[in-house]
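Every chain is numbered from 1, with letters handed out A, B, ... down the list of sequences.
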Amino acid sequence: MAPEYRYEAQDIEPKWQALWADERTWEVANDAGDPGQTSYVLEMLPYPSGEPHIGHLKNYSVGDAVAHFHRRTGRRVLHPMGYDSFGLPAENHAINTGQHPRDSIRESVASFRKGFHDWGISIDWTRELSTSDPRYYRWTQWIFTQFFERGLAYRHEAAVNWCPQDATVLANEQVVDGHCERCGTLVEIRSLEQWFFRITDYADRLLEDLDTIEWPEHVKTMQRNWIGRSEGAEVVFRCDELDTDYPVFTTRPDTLFGATFFVMAPEHPDVERLAQGTGNEQAVREYVAAAMAEPTEERGDAHKEKTGVFLGRHVTNPVNGEQLPMYVADYVLMDYGTGAIMAVPAHDERDHEFATKFDLPIRQVIGSPDDAPPVTEQAYTGSGPLQNSAAEFDGTPNREALPEIVAWLDREGKGHQSVNYRLRDWLVSRQRYWGCPIPIIHCDEHGMVPVPAEDLPVVLPDIEDYQPKGKSPLAAAEDWVATTCPQCGKPARRETDTMDTFVDSSWYFLRYCDPHNDDAAWDSKVVAEWTPVDQYIGGVEHAILHLLYARFFIKALNDLGHVDAQEPFQKLFTQGMITKDGAKMSKSKGNVVSPGPIVERFGADTARCYILFMGPPDQDADWSDGGVEGMHRFLGRMWRLSAQAAAELPDHPIPDELNADSERILRKANWAIEKVTVDLADRFNFNTAIAA
RNA sequence: GCCCGGGUGGCGGAACGGUAGACGCGAAGGACUCAAAAUCCUUUGCCCUUUGGGGCGUGUGGGUUCGAUUCCCACCCCGGGUACCA
């Protein structure tokens with residue numbers, strides 16, 4: 001073969017990469033006046049740990065293909081890159097080696113940056129950012145103070161995972177089967193003061209606005225389930241013996257007449273008081289202690305047998321005045337509804353199980369079909385006409401009776417329509433070192449005072465000992481903790497908790513728009529030019545938390561007047577995983593394929609094309625070494641064909657008078673243009689575009 | 001249990017109401033070479049057949065349609081998510 005026709009990726013790629021760097025090919029300016037359509041293409045920012053892996057290569061290959069497609073179809077494309085560089089892996093590395101997280105992160109960032117260059121990803125490097133850079137987290141802290149001043153950030157006592165051995169709070173991910181992942185000690189639940197963001201205020205908007213964005217349906221479904229909106233009623237059950245009202249939330253007020261007992265969560269604050277003087281104190285206390293000690297994994301297991309203890313008290317069913325026995329049982333959760341339930345064993349499987357075990361009455365109040373098993377054997381959860389209820393409701397289909405019963409409760413002052421969410425407020429504080437310091441000062445006189453904007457950032461101090469000891473390692477930095485109150489100037493102490501890293505990544509896509517602004521987190525006019533992100537690309541593992549948090553941030557910032565957008569990401573694409581021999585790649589399995597050697601041997605174009613060619617990119621795909629070689633040959637054939645055509649054909653190869661051959665080729669070329677355009681723009685099917 | 005995906009050649013996958021298997025891998029044969037590698041060309045769903053050709057094929061069973069991998073119903077397997085949420 002003539003040497004000039006050989007496909008030499010090792011010569012071709014550095015040549016063009018150098019040219020792109022020289023010409024600043026992928027940089028875009030914030031020119032609001034510039035005519036033409038803009039496009040913001042963004043892949044989820046990487047957590048820089050060690051070397052980039054094959055999943056990164058897939059993520060950024062997909063994103064880069066989209067960015068190029070948008071450019072080739074006439075848009076001005078913002079395609080930036082940054083690093084999510086706070087977080088536990090760097091901190092654990094510091095605990096083990098003593099190397100400062102700042103230094104290990106710098107090394108990882110360098111290797112990721114090199115990877116992106118070697119892969120030829122078209123990035124506007126002038127906008128590069130890193131969330132652990134004070135120039136970035138200054139504004140993370142500013143947003144926190146904005147939220148604090150509007151009551152969206154608040155401090156509150158909450159139950160957290162606590163390891164008695166390590167004397168530290170653990171993140172949920174650090175709890176494995178109820179035990180500490182490091183020392184194996186059984187994890188306890190402790191109540192500690194924590195910082196929260198009031199995301200529950202946005203539950204309805206987060207739900208409704210899902211209809212305005214073009215995301216995969218299964219991701220929207222996951223978010224809907226996570227928010228978990230339930231419509232029903234709050235109904236008040238009164239305990240005359242203690243002269244106390246106990247409201248419950250129910251989605252089935254139509255079954256109120258079938259309530260035969262009442263259950264409270266072990267954590268309910270009144271449980272002990274209720275049992276007092278009934279002779280059941282001891283049994284109740286023991287049961288509650290056992291339930292609290294039980295690992296959350298086991299506690300949450302729906303398949304385990306129901307347990308509980310009679311409290312020795314009764315409440316009145318507001319619809320018929322019946323006295324219902326009160327129990328404490330761990331199948332009732334304190335953090336959903338009111339921590340207490342009315343139990344309707346005839347029409348709820350869990351209540352049925354409990355009633356059967358404790359020999360409690362089961363009263364059917366919804367008519368079931370003739371072929372349904374009797375409710376003494378199995379709860380009937382379907383619909384049907386009311387029975388054994390009040391005369392005015394008997395015979396009415398339950399769906400119709402439901403609102404009527406709620407209206408009746410409302411008139412009688414015994415309840416009202418209510419909506420409940422599964423979504424909880426976002427716990428953002430961490431008792432860890434390598435995170436963004438929470439910019440709050442505790443003053444004896446003025447309480448919690450936000451650090452004024454002009455004093456930001458609160459710079460994370462250097463410390464000697466990263467080991468967590470139950471409070472943030474920052475607490476040991478006495479010089480740093482001791483400060484003065486911004487309001488009165490008297491001695492005060494800094495907040496020593498740091499923020500969850502999800503906070504850092506909830507707004508980074510805004511900073512890319514205006515990354516060098518030293519006067520503000522961003523100029524809202526500039527942000528308005530680019531946002532919302534037109535196409536967001538990332539792993540489905542972030543379908544809930546990251547994507548929900550970012551949506552919450554945009555809505556909160558919109559309410560605060562800082563952004564115009566209501567949603568951060570107009571379109572979302574979630575890529576599938578690359579496996580090897582059908583299994584997730586992991587060091588322990590020894591089946592890791594690294595991008596480095598592949599790119600070195602075959603070139604980035606081969607690696608990227610192969611990854612895009614493996615199959616539909618939203619599905620998982622299994623890596624094949626033979627497949628890479630096939631793609632390399634494929635590109636080689638294409639290169640040679642093009643080179644030959646360029647060398648051998650006249651300058652203007654399309655004759656004025658088309659003959660059969662040239663017409664056939666023209667037709668085929670136009671077919672391919674159409675096919676590739678549709679595959680890239682509408683379907684995200686890179687595999688068929690490459691094949692075409 | 002519930003909610004999503006997905007079952008098509010030896011393999012990854014195309015087609016998604018109109019010639020099933022694009023493209024790639026693998027395999028077989030051939031060219032080039034002293035030889036090998038690389039490269040190129042040809043063939044390649046399965047079965048039967050002497051050429052011509054014929055039969056069967058998209059997890060299973062039904063249905064709609066002139067026509068179904070594609071739409072509908074029931075079911076079976078595989079993968080993922082999620083769960084005492086009242």
Undergrad: Could you list the residues that satisfy ring pair (Phe, Tyr, Trp, His ring centres under 6.0 Å) with A:Y331, not counting sequence neighbours?
TA: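 Expected list: A:F354.
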Undergrad: Scan A:R683 against the nucleic acid and name what it touches under 4.0 Å (heavy atoms): base, sugar-phosphate only, or nothing.
TA: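 Counting heavy atoms under 4.0 Å across all strands, the contact made by A:R683 is with sugar-phosphate only.
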Undergrad: Whole-Å distance between B:rC85 P and A:L333 CG?
TA: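 Going from A:L333 (CG) to B:rC85 (P), I get 8 Å.
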Undergrad: Taking O4'-C1'-N9-C4 for purines and O4'-C1'-N1-C2 for pyrimidines, is B:rG52 syn (within 90° of 0) or anti?
TA: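 The base of B:rG52 is oriented syn (glycosidic angle within 90° of 0).
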Undergrad: What residues form a side chain to side chain donor-acceptor pair (under 3.5 Å) with A:D410, not counting sequence neighbours?
TA: none
Undergrad: Go through the structure and list residues passing ring pair (Phe, Tyr, Trp, His ring centres under 6.0 Å) with A:H68, not counting sequence neighbours.
TA: A:W26
Undergrad: Which of parallel (below 30°), tilted (30 to 60°) and perpendicular (above 60°) describes A:F310 and A:Y327?
TA: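 Ring orientation of A:F310 relative to A:Y327: tilted.
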Undergrad: For A:L635 and B:rG24, what is the distance between atoms CG and P respectively, to the nearest whole Å?
TA: 11 Å
Undergrad: Tell me, please, which residues at least two apart from A:Y202 pass ring pair (Phe, Tyr, Trp, His ring centres under 6.0 Å).
TA: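 With neighbours one apart ignored, the set is A:F552.
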Undergrad: With rounding to whole Å, what would you report as the distance between B:rU44 and B:rC25 at their C1' atoms?
TA: 13 Å
Undergrad: Just N and O in the side chain of A:R640: are any of them under 4.0 Å from OP1 or OP2 of B:rC40?
TA: yes
Undergrad: Can you tell me, in whole Å, how much space there is between the C1' of B:rG10 and that of B:rG26?
TA: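 Between the two C1' atoms, the distance is 7 Å.
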Undergrad: Sequence neighbours excluded, which residues qualify as ring pair (Phe, Tyr, Trp, His ring centres under 6.0 Å) partners of A:H632?
TA: A:Y7, A:F602
Undergrad: Do any N or O atoms from the side chain of A:K414 and from the backbone of A:P318 form a donor-acceptor pair under 3.5 angstrom?
TA: yes
Undergrad: Please measure how far the P atom in B:rC78 lies from the corresponding atom in B:rA36, and state the result in whole Å.
TA: 48 Å
Undergrad: When the distance from CD of A:Q378 to P of B:rG1 is rounded to whole Å, what number comes out?
TA: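 To the nearest whole Å, that distance equals 13 Å.
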Undergrad: Expressed in whole Å, how much space separates the P atoms belonging to B:rU69 and B:rU64?
TA: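 Per the computed distance, 16 Å lies between those P atoms.
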Undergrad: Grab the CD1-P distance between A:I544 and B:rG81 for me, whole Å please.
TA: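 Rounding to the nearest Å, CD1 of A:I544 and P of B:rG81 are 11 Å apart.
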Undergrad: Give me the distance, rounded to whole Å, that separates B:rA15 from B:rC3 when you measure between the C1' atoms they each carry.
TA: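 29 Å, rounded to whole Å.
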Undergrad: Can you give one letter per nucleotide of nucleotides 8-13 of chain B, going 5' to 3': B for a protein heavy atom under 4.0 Å from the base, S for sugar-phosphate only, - for none?
TA: ----BS
Undergrad: Do the side chains of A:F257 and A:N388 get nearer than 4.5 Å, heavy atoms only?
TA: no
Undergrad: How many Å lie between NE2 on A:H632 and C1' on B:rU39, as a whole number?
TA: 13 Å
Undergrad: Could you tell me if the side chain of A:D330 sits less than 4.5 Å from the side chain of A:K304, heavy atoms only?
TA: yes
Undergrad: What pairs of residues pass the side chain to side chain donor-acceptor pair (under 3.5 Å) test when at least one of them lies in residues 602-613 of chain A, not counting sequence neighbours?
TA: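 Of all non-adjacent pairs touching residues 602-613 of chain A, those that pass side chain to side chain donor-acceptor pair (under 3.5 Å) are A:D64-A:R608.
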Undergrad: Does the plane of the ring in A:H546 sit parallel, tilted or perpendicular to the ring in A:Y536? Use 30° and 60° as the thresholds.
TA: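 Answer is tilted, since the angle falls between 30° and 60°.
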Undergrad: Nearest to the A:Y331 side chain among B:rA15, B:rC4, B:rC84, which nucleotide is it?
TA: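 Of B:rA15, B:rC4, B:rC84, B:rC84 is nearest to the side chain of A:Y331.
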Undergrad: Checking the side chain of A:T338 only, and the main-chain atoms of A:P247 only, is there a donor and an acceptor separated by less than 3.5 Å?
TA: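 Pair found, side chain donor or acceptor close to backbone of A:P247.
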Undergrad: Pull out every residue in residues 335-351 of chain A that has a heavy atom closer than 4.0 Å to any atom of RNA chain B, ordered by number, or say none.
TA: A:Y336, A:I341, A:R350
Undergrad: Is there a donor-acceptor pair under 3.5 Å between the side chain of A:H314 and the backbone N or O of A:F262?
TA: no
Undergrad: For nucleotides B:rC72 and B:rG17, find the distance between their C1' atoms and express it as a whole number of Å.
TA: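 Pairwise C1' distance, B:rC72 against B:rG17, rounds to 14 Å.
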Undergrad: To the nearest Å, give me how far apart CG (A:L572) and P (B:rC4) are.
TA: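 Rounded to whole Å, this separation is 18 Å.
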Undergrad: Could you give the distance separating B:rA31 and B:rG79 at their P atoms, to the nearest angstrom?
TA: 48 Å
Undergrad: Tell me whether the OP1 or OP2 atom of B:rC85 has a side-chain N or O from A:T251 closer than 4.0 Å.
TA: no
Undergrad: Using atom CD1 of A:I227 as one end and atom C1' of B:rU82 as the other, report the distance to the nearest whole Å.
TA: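 In whole Å, B:rU82 C1' lies 15 Å from A:I227 CD1.
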Undergrad: Find every protein N or O atom lying less than 3.5 Å from an N or O atom of nucleotides 25-28 of chain B, and list the pairs.
TA:
| from | atom 1 | to | atom 2 | distance (Å) |
| --- | --- | --- | --- | --- |
| B:rC25 | OP1 | A:R633 | NE | 3.3 |
| B:rC25 | OP1 | A:R633 | NH2 | 3.1 |
| B:rG26 | OP2 | A:R633 | NH2 | 3.2 |

Undergrad: Could you pick out which residue, A:W671 or A:D679, lies toward the 5' side of RNA chain B when each is mapped onto its nearest nucleotide?
TA: A:D679
Undergrad: Dot-bracket for RNA chain B, please, read 5' to 3', with Watson-Crick or G-U wobble pairs under 3.5 Å on both distances, ( ) within the strand, [ ] crossing, | other strand, . unpaired.
TA: (((((((..(((.....[....)))((((((.......))))))((((....))))..(((((..]....))))))))))))....
Undergrad: For B:rG9, does the O4'-C1'-N9-C4 (purine) or O4'-C1'-N1-C2 (pyrimidine) torsion place it in syn, i.e. within 90° of 0, or in anti?
TA: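 What B:rG9 shows is a syn base, its glycosidic angle lying within 90° of 0.
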Undergrad: State which residues pass side-chain contact (heavy atoms from CB on, under 4.5 Å) with A:Q619; sequence neighbours excluded, sorted by chain then number.
TA: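 Residues passing side-chain contact (heavy atoms from CB on, under 4.5 Å) with A:Q619: A:P616.
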Undergrad: So, does A:K58 use its side chain to make a donor-acceptor pair with the main chain of A:I578 at under 3.5 Å?
TA: no
Undergrad: Can you name the residues that form a side-chain contact (heavy atoms from CB on, under 4.5 Å) with A:P369, not counting sequence neighbours?
TA: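 A:D371, A:A372, A:Y380.
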Undergrad: For the P atoms, the ones on B:rU58 and on B:rG62, what distance do you get once it is rounded to whole angstrom?
TA: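 Going atom to atom, P in each nucleotide, I get 13 Å.
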Undergrad: Can you figure out which of B:rC84, B:rA86, B:rA22 approaches the side chain of A:S230 most closely?
TA: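 Closest nucleotide to the A:S230 side chain: B:rA86.
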Undergrad: Please report the distance, rounded to the nearest Å, between CG in A:N685 and P in B:rA22.
TA: 17 Å
